[in-house]
Chemist: 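Quick one: the structure is below, questions incoming.
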Protein chains: 2
Amino acid sequence: MSNPDAATPRERYRAQVREEIKKHAWEQIAAAGASALSLNAIAKQIGMSGPALYRYFASRDELITELITDAYRSLADTFRARAAAGADLGDLAHTLRAWALDDPQRYFLLYGTPVPGYRAPEDTTRTAAQIMAVLLDACPDEEPPGTPPSPPSPLQSHLGRHRAWAEQHPAPPAALHRALTFWTRLHGVLSLELAGHFTGMGFDPARLYTAEAQTITGQ
Amino acid sequence: MSNPDAATPRERYRAQVREEIKKHAWEQIAAAGASALSLNAIAKQIGMSGPALYRYFASRDELITELITDAYRSLADTFRARAAAGADLGDLAHTLRAWALDDPQRYFLLYGTPVPGYRAPEDTTRTAAQIMAVLLDACPDEEPPGTPPSPPSPLQSHLGRHRAWAEQHPAPPAALHRALTFWTRLHGVLSLELAGHFTGMGFDPARLYTAEAQTITGQ
DNA sequence: TCGTGTTCGTGATACCTTCTAACCAACTTG
DNA sequence: CAAGTTGGTTAGAAGGTATCACGAACACGA
């Protein structure tokens, strides 16, 4: 995030303009998706003419990259805030859906079709890891009641041996499995819903979502 | 699909050129995604100059729409072929992953971030319904052994009452639920894997995928 | 076989886009 | 106050979609 109260007034002005550019960029993205983002149109809306924007963002890709990192931070912050308020996995599932429905194109910017040439900077991967850490923190230590005490599945022992993504976290293999499943199952329902694949099918996607969430939280 | 052996040689030639256009379009899409598809570049590759392509496709959107319907048909055909060969849900899960890995951008064209203004033609929604019908056919009549005979969940009774998408199919609510879960859970793992969200995490996405598939087939 | 009309391909053009280059004004700083 | 940095402009290159007008090739009925 650009520091709004920086030392020199020059930097303050610069941060302010950058923030206004990003504001209009988000409006365009929310309206027509990231692929329809036009630097020219943003410049016109602000009142500048075309190439002036390149004083603030080196390229269209750099602007989009910054929007992506901001979106990641937004999701991580809301997750952390909810977790700090004592949210469990079920609450976080609801939080995720609300965050996605609040701006579907922002969700697609993070978890939708990747831009072929795009390479995620180290910053965003670290934020993504923080999101997973919040999930791992929220995973209960014991299995849900009603689950027979079973030996770790082949997948869980695999996850226990290949846990580069949770190196900093002491979560047991079952928690790794549960956090991954939380992510993939909810993303499965959510992305298909946001993409409109359920429209016309008749049922309520929210019910399917909560049902999937319950398979993770253990009813 | 354009009919290659049509009546007049004029139509044969036309169908042939359309097919060649689509061939190069798929190459571009596989290389850099649908957003990077350029009619100009295709024309140059074929040896025609620019606007000539508009004799065969009214717009870039129309070309992409036809590619989407072709991709849907390809997936439906491979599903039907495997189902006719006696495939069960687990086999279909493996079929889906192979089809997606064969051309990730083709998968994203169907199930990735939607183009905001795009409206799916009736043709593709019907093909999508056929895919679901194959899944419903493959759903076993009885629950997997080990599942206690339970009353239908709230979601299942909801699906039983709102089944516009399976109007033609006599599947019970449990099968509707299972087919939807098949779709959403596998798409969840697959789309995140194809988008590269698992790279650097250390584990093998194929194991997570098969584990999720087993939660649907009942081990 | 000879018009005749449809179809196909072309170049020119309009209007977008991202992005670079050159130039000028304003501000910051020594 | 002089000098250097920064922000903004216009012009232009390169590439994209898409339309138009025109000429050539083809198909077909008389």
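By convention in this document, chain letters (A, B, ...) are assigned in the order of the sequence lines, proteins followed by strands, and residues within each chain are numbered from 1.
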Chemist: Nearest-Å distance, OH (B:Tyr54) to P (C:dC8)?
Modeler: 17 Å
Chemist: Tell me the interatomic distance from A:Arg14, atom CZ, to D:dG7, atom P, rounded to whole angstroms.
Modeler: 5 Å
Chemist: Using the closest heavy atom to pick a nucleotide of DNA chain D for each, name whichever of B:Arg60 or A:Arg55 lands nearer the 5' end.
Modeler: A:Arg55
Chemist: A:Asn40 side chain N/O closer than 4.0 Å to the phosphate oxygens (OP1, OP2) of C:dT18?
Modeler: yes
Chemist: What integer distance in Å separates A:Ile42:CD1 from C:dT17:C1'?
Modeler: 13 Å
Chemist: Rounded to the Å, how far apart are B:Arg10 CZ and C:dG9 C1'?
Modeler: 11 Å
Chemist: According to a strict under-4.0 Å criterion, is A:Ser49 in side-chain N/O contact with OP1 or OP2 of D:dG8?
Modeler: no
Chemist: Rounded off to whole Å, could you give me the CE-to-C1' distance for the A:Met48 and D:dG7 pair?
Modeler: 9 Å
Chemist: Check this one for me: any side-chain N or O of A:Tyr56 less than 4.0 Å away from OP1 or OP2 of D:dT6?
Modeler: no
Chemist: Just how far, in rounded Å, is P of C:dG9 from CD of B:Gln16?
Modeler: 11 Å
Chemist: Are A:Arg106 and A:Trp99 in a cation-pi contact, defined as NZ or CZ under 6.0 Å from the six-membered ring centre and within 45° of the axis?
Modeler: yes
Chemist: If you look at every strand shown and take non-hydrogen atoms under 4.0 Å, does A:Leu37 touch a base, only sugar-phosphate, or nothing?
Modeler: sugar-phosphate
Chemist: According to a strict under-4.0 Å criterion, is B:Ser59 in side-chain N/O contact with OP1 or OP2 of D:dT17?
Modeler: no
Chemist: Under the 3.5 angstrom rule, does the side chain of B:Arg80 hit a backbone N or O of B:Gln130 as a donor-acceptor pair?
Modeler: no
Chemist: Considering only side-chain heavy atoms of A:Pro51, which listed nucleotide, D:dC20, C:dT20, D:dG8, is closest?
Modeler: C:dT20
Chemist: Can you tell me if A:Thr215 and A:Arg185 form a side-chain donor-acceptor pair at under 3.5 Å?
Modeler: yes
Chemist: Mind calculating the distance between NZ (B:Lys44) and P (C:dG9) to the nearest angstrom?
Modeler: 17 Å
Chemist: Does B:Tyr13 put a side-chain nitrogen or oxygen below 4.0 Å from OP1 or OP2 of C:dG9?
Modeler: yes
Chemist: Quick one: does any side-chain atom of B:Thr217 pair with a main-chain N or O of B:Leu89 as donor and acceptor, under 3.5 Å?
Modeler: no
Chemist: Categorize B:Leu53 for me: base, sugar-phosphate, or nothing, with a 4.0 angstrom heavy-atom threshold over every strand shown.
Modeler: nothing
Chemist: Take the protein atom CD1 of B:Ile21 and the nucleotide atom P of D:dT17, then report the distance between them rounded to whole Å.
Modeler: 13 Å
Chemist: Could A:Arg18 and A:Phe57 be counted as a cation-pi pair, given that NZ or CZ must be under 6.0 Å from the ring centre and within 45° of the axis?
Modeler: yes
